[in-house]
Student: 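Take a look at the following structure, please.
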Amino acid sequence: MKQQPLLGFLFGLIAACMWSSLPLFVQQVVKVMDIQTSVWYRFVLSAVGVLLLLCFSGKFFTFKRISPKNTLLLLLAIAGLSVNFYLYNLALKYIPPTTSQVLSPLSSFMMLFAGVLIFKEKMARHQKIGLSVLSLGLILFFNERLDDFLQLNTYFKGVVMVIASSFVWVVYAIVQKVLLSHLSSQQILLMIYIGCTLVFFPNADIKQIYQLDGFQLVCLVFSGVNTIIAYGCYAEALDRWEVSKVSAILTQIPIFTLLFSHLAVMIAPNYFVAVELNWISYLGAFCVVSGAMLSALGHKLKMLKERD
C-alpha cells in the first residue's frame with residue numbers, strides 16, 4: 001500500500017469533523033421528530049447514498065453470494081446498529097452533544113476488551129495506562145454532575161444510554177469484522193442500512209418531516225449524508241496512512257465537538273445552547289483525549305524508545 005500521509009491526514013480530519021459535528025445536528029432534529037422516525041430517515045438517506053455510490057462506481061453488480069451463516073451475522077449486525085442508533089439519538093434528548101462525544105472513546109476500549117476476550121489479543125501496558133487516564137478524565141469531566149448520578153435523573157439516564165449504545169456498537173463492529181472476510185465493505189453497509197430502514201419503518205411517522213423548519217430539515221439531511229462522508233473518508237484515510245495515526249486523529253473528536261459547540265452558539269444562538277463547563281471538566285476532557293491517544297499511539301512511542 002502506497003503511503004500518502006497528507007491525504008491520509010486530510011481524510012482522517014474530515015471523518016473526525018463529521019463525527020464531531022453529527023450530534024449537534026441530530027439534537028436539533030429530535031426536538032421535533034420522534035426517535036424512530038429520525039433514525040429511519042437517516043438510514044434511508046445513507047442507504048440511497050451508498051446505493052448511488054455503488055452504481056456510479058460500477059460495483060453494484062459485483063455482489064457475492066451470501067451464505068446462511070453470513071445471513072445470520074448480517075441480521076445480528078442490523079439489530080446491533082439499529083439499537084445503537086436508537087439509544088444514541090434518544091440520549092441526545094437528555095444530554096448535550098459534548099457529553100455524548102466525551103463518552104465516545106469508551107467504544108474503542110470496549111473493542112479492546114472484546115479483542116482480549118474473543119480474539120485472544122493481548123492488552124499492552126500503554127493501553128492499560130491509557131484506560132486509567134481516560135477513567136480519571138471521565139471522573140473530572142462529570143465533577144459538577146455527581147448529584148445527577150446519585151439522583152438517577154434524566155441526565156444520568158442519557159449517560160447510561162450512550163454507554164449502552166457503545167456496548168451495542170461493539171457487537172456490531174465485531175460482527176462486521178467477521179463479515180469483512182467474506183463480503184465487501186460496500187455490500188455489508190448497503191444491506192445493513194436497508195435492513196435498519198426496514199426495522200424502523202413500522203414505527204416511523206413519515207409525515208413528521210413536514211413539522212421541521214428549514215434549518216431542522218437541513219440538519220436531518222446532513223445527519224443522513226454525514227454517515228456516508230465520515231465512513232468514506234475514514235476508509236480512504238486507512239488506505240493512505242497508518243491505522244494508529246488515523247486513530248490518533250479520531251481521538252480528538254471530543255475536543256472538536258467542544259469547538260463546534262462554541263462555534264454553533266456564536267453562529268446560531270437561537271438554535272444551539274451554550275456549553276457550560278468549569279475548568280475541571282475541560283481538564284477531564286483533555287485527559288479523556290490523552291488517554292485515548294496514548295492507547296492508539298503508545299506502541300509507536302515504545303518503538304522510538306527502543307530505536308534510540
Student: For the residue pair F85 and C196, establish whether any side-chain heavy-atom pair is separated by less than 4.5 Å.
Tutor: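 No, every pair of side-chain atoms sits at 4.5 Å or beyond.
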Student: Nearest 0.5 Å, what's the NZ-NZ distance between K93 and K157?
Tutor: 10.5 Å
Student: I need the minimum non-hydrogen distance between Y88 and P23, along with the two atoms involved.
Tutor: OH-CB, 3.5 Å
Student: Is it true that the side chains of S165 and Y86 contain a donor and an acceptor less than 3.5 Å apart?
Tutor: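 Judged by distance alone, the side chains do not pair up.
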Student: Quick check: is L52 connected to L189 through a chain of hydrophobic side chains (ILVMFWY, heavy atoms under 4.5 Å apart)?
Tutor: yes
Student: Taking N226 for its side chain and I229 for its backbone only, find out whether a donor-acceptor pair lies under 3.5 Å.
Tutor: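 Absent.
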Student: So if you build clusters from Ile, Leu, Val, Met, Phe, Trp, Tyr with side-chain heavy-atom gaps below 4.5 Å, do F11 and V225 land together?
Tutor: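 Hydrophobic grouping puts F11 apart from V225.
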Student: Is there a side-chain contact between V26 and F222 (heavy atoms, below 4.5 Å)?
Tutor: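 Sidechains of F222 and V26: no contact.
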Student: Can you check whether Y193 reaches T227 side chain to side chain, under 4.5 Å on heavy atoms?
Tutor: yes
Student: From K207 NZ over to T37 OG1, what is the distance, rounded to the nearest 0.5 angstrom?
Tutor: 12.5 Å
Student: Go through the steps to decide whether V289 and F286 satisfy the test side chain to side chain contact (heavy atoms under 4.5 Å, CB included), and finish with yes or no.
Tutor: CA-CA 5 Å; V289 170; F286 175 78; 5.8 Å; no
Student: At their closest point, which heavy atom of G137 faces which heavy atom of V288, and how far apart are they?
Tutor: C-CG2, 3.7 Å
Student: Please evaluate residues V133 and L136 with respect to the criterion side chain to side chain contact (heavy atoms under 4.5 Å, CB included), reporting the C-alpha separation (whole Å), side-chain torsions for both, the decisive distance (0.1 Å), and the verdict.
Tutor: CA-CA 5 Å; V133 174; L136 174 62; 5.7 Å; no
Student: Nearest heavy-atom pair of I78 and M191: which atoms, and what distance?
Tutor: CD1-O, 3.9 Å
Student: Would you give the length of the straight line joining atom CE of M18 to atom CG of L13, rounded to the nearest 0.5 angstrom?
Tutor: 9.5 Å
Student: I need the minimum non-hydrogen distance between C287 and L140, along with the two atoms involved.
Tutor: SG-CD1, 4.3 Å
Student: Got a donor-acceptor contact below 3.5 angstrom from the W40 side chain to the T197 backbone?
Tutor: yes
Student: For Q101 and I253, indicate whether the former's side chain and the latter's backbone hold a donor-acceptor pair under 3.5 Å.
Tutor: no
Student: From I139 CD1 over to L134 CG, what is the distance, rounded to the nearest 0.5 angstrom?
Tutor: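 These two atoms lie 10.0 Å from each other.
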Student: When hydrophobic residues are tied together by side-chain contacts of less than 4.5 Å, even through go-betweens, does F260 share a cluster with F215?
Tutor: yes
Student: Tell me, with the steps shown, if L76 and Y172 meet side chain to side chain contact (heavy atoms under 4.5 Å, CB included).
Tutor: CA-CA 7 Å; L76 182 58; Y172 157 77; over 6 Å; no
Student: Measure the spacing between CG of L259 and CD of Q252 and express it to the nearest 0.5 Å.
Tutor: 10.0 Å
Student: Test your reading of the model: is there a side-chain donor-acceptor pair from T99 to the backbone of I95, 3.5 Å cut-off?
Tutor: no
Student: Between S46 (side chain) and G224 (backbone), is there a donor-acceptor pair under 3.5 Å?
Tutor: yes
Student: Drop me the distance from K31's NZ to L92's CG, to the nearest 0.5 angstrom.
Tutor: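 Answer for the NZ-CG pair, K31 versus L92, is 11.0 Å.
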Student: Starting from L283, can I reach L258 by hopping between I/L/V/M/F/W/Y residues whose side chains sit under 4.5 Å apart?
Tutor: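 Each belongs to a different hydrophobic cluster.
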Student: Is the number of heavy atoms from other residues, nucleotides or ligands under 6.0 Å of F201 CZ greater than 12?
Tutor: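 Atom CZ in F201 is not packed in, count stays at 12 or less.
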Student: Looking only at non-hydrogen atoms, find the nearest pair between V29 and S38 and report the distance.
Tutor: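 Heavy atoms only, the tightest pair is CG1-CB, 3.9 Å.
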Student: Looking at side-chain heavy atoms only, is the closest gap between Y41 and Q208 below 4.5 Å?
Tutor: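 Y41 vs Q208: side chains apart.
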Student: Within the side chain of N203, is there an N or O that forms a donor-acceptor pair under 3.5 Å with the backbone of Q36?
Tutor: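 Pair absent, no side-chain N/O of N203 close to backbone of Q36.
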Student: Using the rule side-chain contact (heavy atoms from CB on, under 4.5 Å), only one of N89, L45, L22 pairs with S223; which is it?
Tutor: L22
Student: Mind jotting down which residue pairs meet the side-chain hydrogen bond (donor to acceptor under 3.5 Å, both in side chains) criterion with at least one end in residues 279-289? Sequence neighbours excluded, please.
Tutor: N143-S281, H262-Y282, N278-S281
Student: May I ask whether Y271 and M266 are part of the same hydrophobic cluster, defined by side-chain heavy atoms of I, L, V, M, F, W, Y residues being less than 4.5 angstrom apart, directly or through others?
Tutor: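 Per the 4.5 Å side-chain linkage, Y271 and M266 are not co-clustered.
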Student: Under a 4.5 Å cut-off applied to non-hydrogen side-chain atoms, are L212 and L220 in contact?
Tutor: yes
Student: Looking at every heavy atom in both S261 and T98, which two are closest together, and how far apart are they?
Tutor: OG-CG2, 3.4 Å
Student: Quick check: does any side chain N or O of Q28 sit under 3.5 Å from a backbone N or O of F25, one acting as donor and the other as acceptor?
Tutor: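 Side chain of Q28 to backbone of F25, a donor-acceptor pair under 3.5 Å: no, none is there.
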Student: Report the C-alpha separation of L263 and I267 in whole Å, then their side-chain angles, then the decisive distance to 0.1 Å, and conclude whether the side chain to side chain contact (heavy atoms under 4.5 Å, CB included) test is met.
Tutor: CA-CA 6 Å; L263 185 61; I267 296 174; 3.9 Å; yes
Student: Is there a ring-ring contact (aromatic ring centres under 6.0 Å, His included) between Y94 and Y155 once you walk through the steps?
Tutor: CA-CA 5 Å; Y94 306 112; Y155 185 90; over 10 Å; no
